[in-house]
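In this text the structure is predicted, and so the values were computed from the model without any measurement. The first residue in the sequence is number 1, and the count goes up from there.
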Amino acid sequence: QVQLVESGGGLVQAGGSLRLSCAASGGTFSVYSMGWFRQAPGKDREFVASINRNGLSTYYADSVKGRFTISRDNVRKTVYLQMNSLKPEDTAVYYCAATNALDFPRPRKYDYWGQGTQVTVSS
């Protein structure tokens, strides 16, 4: 089992930046591919970005390409999401997730989820 705790959310103006963190405990962090998802009010949860076990491969939703960067630190057991040029439509609860599936970047499912952190971008 691995536990995930997101942090770093907040309120920012359009065009601003925010850095989210997801700290993992338990399990063996380096065996998990990690992903970020988000859910806006009244909408389904959607994929944002993912990173493989060793951090050599990343994958992004078209809506965030060129603006968001996912990274990981396997020593600190933390995955990050650097969000730049934020838009009001980025407003959502952002969730960190982990999977031990091998079919990166489109695993069948993510096994573990954090509680989410709120990101609000004002227009």
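Put simply, Leu20 and Val93 are part of two different groups of oily side chains (I, L, V, M, F, W, Y) that touch within less than 4.5 Å, one to the next.
Counting only distance, with no hydrogens or angles, the side chain of Thr78 and the backbone of Ala23 share no donor-acceptor pair below 3.5 Å. Between the side chain of Gln115 and the backbone N or O of Glu6 there is at least one donor-acceptor pair closer than 3.5 Å. Between the side chain of Asn74 and the backbone N or O of Lys77, no donor-acceptor pair lies under 3.5 Å.
Sorted by first and then second residue, the salt bridge (Lys or Arg N to Asp or Glu O under 4.0 Å) pairs with a member in residues 41-54 read Arg38-Glu46; sequence neighbours excluded. Within the structure, every pair that satisfies the salt bridge (Lys or Arg N to Asp or Glu O under 4.0 Å) test and touches residues 109-121, not counting sequence neighbours, is listed here: Lys109-Asp111. Identified under the disulfide bond (SG atoms under 2.5 Å apart) test for residues 50-94, with sequence neighbours left out: none. Counting only residues at least two apart or on different chains, the ring-ring contact (aromatic ring centres under 6.0 Å, His included) pairs with a member in residues 21-47 are Tyr32-Tyr112, Phe37-Phe47, Phe37-Tyr110, Phe37-Trp113, Phe47-Tyr59. Evaluation of the salt bridge (Lys or Arg N to Asp or Glu O under 4.0 Å) test over residues 57-74, restricted to residues two or more places apart or in two chains, returns Asp62-Lys65, Arg67-Asp90, Asp73-Arg76. The stretch residues 65-109 participates, sequence neighbours left out, in no ring-ring contact (aromatic ring centres under 6.0 Å, His included) pair at all. Among residues at least two apart or in separate chains, side chain to side chain donor-acceptor pair (under 3.5 Å) pairs with a member in residues 13-23 are Ser17-Asn84. For residues 37-72, no residue pair satisfies the disulfide bond (SG atoms under 2.5 Å apart) rule, not counting sequence neighbours. Sorted by first and then second residue, the disulfide bond (SG atoms under 2.5 Å apart) pairs involving residues 47-86 (not counting sequence neighbours) form an empty list. Screening residues 15-123 for disulfide bond (SG atoms under 2.5 Å apart), with sequence neighbours left out, gives Cys22-Cys96.
In this structure, OG1 in Thr91 is found 8.5 Å from CG in Leu11, a value given to the nearest 0.5 Å. Of the inter-residue distances, the one linking Thr117 atom OG1 with Leu81 atom CG reads 11.0 Å to the nearest 0.5 angstrom. Atom CE in Met83 sits 11.0 Å away from atom OG1 in Thr69 (nearest 0.5 Å).
With sequence neighbours excluded, no residue satisfies side chain to side chain donor-acceptor pair (under 3.5 Å) with Asp103. Judged as a side chain to side chain donor-acceptor pair (under 3.5 Å), and not counting sequence neighbours, Ser30 has no contacts.
Just one residue in the list Thr99, Asn52, Leu4 forms a side-chain contact (heavy atoms from CB on, under 4.5 Å) with Met34, and that residue is Leu4.
Looking at every heavy atom in both residues, Val64 comes nearest to Val48 through CG2-O, 3.5 Å. The two residues Ala92 and Ala40 have their closest heavy-atom pair at CB-N, 3.7 Å. Residues Ala98 and Val2 share a closest heavy-atom pair of CB-CG1, 4.3 Å.
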